[in-house]
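Reminder, nothing fancy here: chain letters follow the sequence lines and each chain counts from 1. We use all heavy atoms of the structure for the numbers below, so side chains are in, but hydrogens, waters and symmetry mates are not.
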Amino acid sequence: MAEIYAYIPHSSGVADDTALEFPVAAGKIEPGASVTAIVTGSGADLDKVAESLTSAYKEVIKIDNEALAYPNAEIIRKVLCNIVPKGAIFLAANDTFGMDLAPGLSIKLDAAFAADVVDFEGIDGGSTLKLVRQELGGAVSTHVTCDISSGAVITIRPGVFAPAEEAEKAAGGSVTDKSGEAGDLSVKRRFLEIVEAEAGDVDITKSDVLVSVGRGIEGEENIEIAEELAEAMNAVVSCSRPIVDAKWLEKSRQVGTSGQTVKPKVYMAMGISGSFQHLGGLKGNPFIVAVNKNPKAPIFQVADVGIVEDILEFMPELTEKIKEL
Amino acid sequence: MEILVCVKRVPDTAENEFELNSEGNDLDRDDLVYSVNEWDNYAVEEAIQIVDRVGGSVTVATVGDEESEEILRREMAMGANNGVLLSDDAFEGSDGKGVAAILKSEIDSGNYDLIMTGAQADEGAAQVGGMLAAMLDVPYASLVNKIEVVDDKKLKVGREIEGGNQEMSEIELPCVLSIQTGINEPRYVGIRGIRKVAKLEIPVKGASDLGLDEGSVGNAGAKVKRVDYFVPDLGEGAEMLEGSTDEIIEQLIEKLKAKGGL
Ligand SMILES: Cc1cc2nc3c(=O)[nH]c(=O)nc-3n(C[C@H](O)[C@H](O)[C@H](O)COP(=O)(O)OP(=O)(O)OC[C@H]3O[C@@H](n4cnc5c(N)ncnc54)[C@H](O)[C@@H]3O)c2cc1C
């Protein structure tokens, strides 16, 4: 049976949603496999998280140290090298912490590495783990084999292994304190502070209807086409990341994991391909209308209504028709 | 500051509609448009700006076939001083670790203060930077969206974390940073810029030049292997509206009214 460990991110004493996803992922790696949770941190918050995890995990390992109060991946990687046994499978979330931690950890543990896994299809012959990933911004999927004979470090895409039902809360697990085994915690990258994202002129999270533009808008001068549609719909303009990178709209208008989380009733995705980082900011099951000139754009897999058109021609016509109502 | 930036030639997601080949196990690569990985342009721009401020040089390196030379030249047209192409049949099929090992041997032959990569490339694995740092035993920061040179021993860096918040840290040199988009505005490169660097020498190095054991890289050394490409069957997907633009708009307006969009 595979030996599986998962690192549980948490903040203010509350475990991240992915805490319930690792056991689901582990069950797909090998039916019946159990997972040991690892939490690091300091003080009362850590105790609270560790305790809360015993309902979903039989074994919870906690490492308590003041140096771990802020989750600095450079320090946590060193700790994990002393805690995760050789040959084990180690799981983390493919979030900004997991991306910082995991690739280097695989080198230090001399284990295979697979990132952003969206599905597992079991283990063949004891040492070949079969898994599914995506490439090219979600345009294509791939089957991948991963030789786990000397262990593996794997990050899973947040959300895709969410338990169907409220997970059975009866693991009745216990917490083991391994703070003494953490080892040397000195590192060459020191955390200073968090600078919070600036608030913008409009709050896109307050709008029931969003007209959201992506790279398909092609130029700054075309943003006004979206603004006119938004005005006609009594909506607000939001966008995908490349629009903010190009400085055509403010950062506060960006929807996604590194932008805002929005819960509109209606989401108009205009020239947006549908990357998971973008969709990660879209919550509350809105009615999604996607307009894209590529009939194979991944956004059509998640949208409710799809339209294959050039947004630069389609949006002005739609605006006119709405104004005539 | 001596800076090495790792770059990659990738299929351009904005320019291509991806199709599978007739066997259904690989992309149909015949008409694909390739370009520099989006994230890498931000890394090269940042490196050039740092060198403009504090002096030094920028080297761009890539692991790839001979066609990858074009992207090195493009980054040199942006202002990188040197380019090096790491190319060998034995490199084919490398997994992330293999690519990092190849880059490491090139880095070992130089004297770099700072190594940069893009935050991720076409495979969306975001792996090479972190692996390189671990192999070189130097500190690492991913998703960097701000760099301040404090002195010749350390940098102050910002990492972009969830919600667009920024995690500020101090990091000692030498180090590896993976660069997030938006950190700067990469300069435009025109045909003329490319022409200016057309004759510059770009050395090509293979496994033996780098002192690499062929079995440790490429398909032979890979623990992680892509078996095939496929397009997932995700159930129904969107209801596609069809007809003339007028007809589509009429249908859409009805739906929007029903769902509270109008
Ligand atoms: C750590 C990390 C965090 C990230 N966070 C975010 C985030 O918070 N939000 C976010 O959005 N992204 C985020 N990204 C980036 C994300 O991976 C994608 O690169 C991005 O979402 C792509 O934006 P897009 O869909 O607008 O562009 P593209 O993927 O380039 O898609 C453009 C689409 O427009 C279509 N199109 C082009 N022209 C037209 C036209 N005239 N008419 C109609 N359709 C057209 C194309 O067919 C294509 O489907 C993040 C990436 C990383 C690594």
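With a 4.5 Å cut-off on side-chain heavy atoms, B:Glu123 and A:Arg133 count as touching. Looking only at side-chain heavy atoms (C-beta outward), B:Val224 and A:Phe113 stay at 4.5 Å or farther from each other.
Using a 4.5 Å cut-off between heavy atoms, A:Glu309 touches chain B through its side chain atoms alone. Of the atoms belonging to A:Pro286, not a single heavy atom falls under 4.5 Å from chain B. At a 4.5 Å heavy-atom cutoff, the contact between A:Val209 and chain B is made by side-chain atoms alone. With a 4.5 angstrom heavy-atom cutoff, B:Ala133 does not touch chain A via any of its atoms. Contacts of B:Glu38 with chain A are made by side-chain atoms alone, with heavy-atom separations under 4.5 Å and no backbone atom involved. When heavy atoms are compared at a cutoff of 4.5 Å, A:Arg215 approaches chain B solely by way of its side chain, counted from C-beta outward. Of the atoms belonging to A:Leu129, not a single heavy atom falls under 4.5 Å from chain B. Both the backbone and the side chain of B:Ala141 have a heavy atom closer than 4.5 Å to some heavy atom of chain A. For a residue to count as touching a neighbouring chain, one of its non-hydrogen atoms must lie under 4.5 Å from one of that chain's; by this rule A:Gln277 touches chain B with the side chain only. For B:Lys257, the part lying near chain A is the side chain, with the backbone staying farther off; criterion is any non-hydrogen pair under 4.5 Å. For B:Ile253, the part lying under 4.5 angstrom from a heavy atom of chain A is the side chain only. With a 4.5 Å cut-off on non-hydrogen atoms, A:Tyr267 does not touch chain B at all. When heavy atoms are compared at a cutoff of 4.5 Å, A:Val305 approaches chain B by way of both its backbone and its side chain. With a 4.5 angstrom heavy-atom cutoff, B:Glu242 does not touch chain A via any of its atoms. Proximity to chain A involves both the backbone and the side chain of B:Leu241, based on heavy atoms less than 4.5 angstrom apart. For A:Thr145, the parts lying near chain B are the backbone and the side chain together; criterion is any non-hydrogen pair under 4.5 Å. With a 4.5 angstrom heavy-atom cutoff, B:Gln251 does not touch chain A via any of its atoms. Interface residue A:Phe287: only side-chain heavy atoms are found under 4.5 Å from chain B. When heavy atoms are compared at a cutoff of 4.5 Å, B:Leu252 approaches chain A solely by way of its side chain, counted from C-beta outward. Looking at A:Asn234, neither its backbone nor its side chain comes within 4.5 Å of chain B, counting heavy atoms on both sides. For chain B, the nearby parts of A:Asp95 are the backbone and the side chain; heavy atoms of each come within less than 4.5 Å. Heavy atoms closer than 4.5 Å to chain B are found nowhere in A:Asp119, neither backbone nor side chain. With a 4.5 Å cut-off on non-hydrogen atoms, A:Val132 touches chain B through its side chain but not through its backbone.
A:Phe300 CZ to B:Met240 CE: the interatomic distance, rounded to the nearest 0.5 Å, is 4.0 Å. One finds the CG atom of B:Asp26 at 11.0 Å from the OG1 atom of A:Thr142 (value rounded to the nearest 0.5 Å). With values rounded to the nearest 0.5 angstrom, A:Asp304 atom CG is found 9.0 Å from B:Glu239 atom CD. A:Asp100 CG to B:Glu167 CD: the interatomic distance, rounded to the nearest 0.5 Å, is 6.5 Å. Of the inter-residue distances, the one linking A:Leu136 atom CG with B:Asp12 atom CG reads 10.0 Å to the nearest 0.5 angstrom. Atoms CE and CG, from A:Met268 and B:Leu256 in turn, are 5.0 Å apart once rounded to the nearest 0.5 Å.
Nearest heavy atom pair, residue B:Ala126 against residue A:Met99, reads CB-CE, 3.5 Å.
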Worksheet item: Could you walk me through whether B:Lys97 and A:Asp110 pass the side chain to side chain contact (heavy atoms under 4.5 Å, CB included) check?
Response: CA-CA 10 Å; B:Lys97 194 173 178 180; A:Asp110 200 20; 3.1 Å; yes

Worksheet item: How far apart are the C-alpha atoms of A:Lys188 and B:Asp137, what are their side-chain angles, what is the distance that settles it, and do they pass the salt bridge (Lys or Arg N to Asp or Glu O under 4.0 Å) test?
Response: CA-CA 11 Å; A:Lys188 294 178 171 170; B:Asp137 214 12; over 6 Å; no

Item to complete: Kindly indicate, with the supporting measurements, whether the criterion side chain to side chain contact (heavy atoms under 4.5 Å, CB included) is fulfilled by B:Lys223 and A:Ser150.
Response: CA-CA 10 Å; B:Lys223 286 185 178 168; A:Ser150 64; 2.8 Å; yes

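Among the candidates A:Ile288, A:Asp116, A:Asn294, the residue making the largest number of heavy-atom pairs closer than 4.5 Å to chain B is A:Asn294. Among A:Val308, A:Val144, A:Ile322, the residue making the largest number of heavy-atom pairs under 4.5 Å with chain B is A:Val144. Considering only heavy-atom pairs separated by less than 4.5 Å from chain B, the leading option among A:Pro298, A:Gly104, A:Ala115 is A:Gly104. Most heavy-atom pairs under 4.5 Å with chain B, from the set A:Lys247, A:Gln254, A:Gln260, A:Lys265: that is A:Lys247. Per-residue heavy-atom pair counts under 4.5 Å with chain B were compared for A:Lys296, A:Lys108, A:Glu196, and the maximum is reached by A:Lys108. Interface remark: of the candidates A:Ala112, A:Ser141, A:Ala303, A:Gly138, A:Ser141 forms the most heavy-atom pairs closer than 4.5 Å to chain B.
Few gaps surround CD on A:Glu121; more than 12 heavy atoms of other groups in view lie less than 6.0 Å from it.
Within residues 170-187 of chain B, the residues that have a heavy atom under 4.5 Å from a heavy atom of chain A are B:Glu170, B:Ile171, B:Glu172, B:Gln180, B:Thr181, B:Gly182, B:Glu185, listed by number.
Taking B:Phe18 as the reference, nothing meets the ring-ring contact (aromatic ring centres under 6.0 Å, His included) condition, with sequence neighbours excluded. By the side chain to side chain donor-acceptor pair (under 3.5 Å) test, B:Asn145 pairs with B:Gln166, sequence neighbours left out. Partners of A:Phe97 by ring-ring contact (aromatic ring centres under 6.0 Å, His included), not counting sequence neighbours, listed by chain and number: A:Tyr7.
Judged by distance alone, with hydrogens and angles left aside, the side-chain atoms of B:Arg159 form a donor-acceptor pair with the main-chain N or O of A:Thr96 at under 3.5 Å. Using modelled atom types, no side-chain atom of B:Lys259 and backbone atom of A:Val266 make a donor-acceptor pair closer than 3.5 Å.
A salt bridge links A:Lys321 with B:Asp246: the distance from a Lys NZ or Arg NE/NH1/NH2 to an Asp or Glu carboxylate oxygen falls below 4.0 Å. Using a 4.0 Å cut-off between charged nitrogen and carboxylate oxygen, A:Arg241 and B:Glu160 count as a salt-bridge pair.
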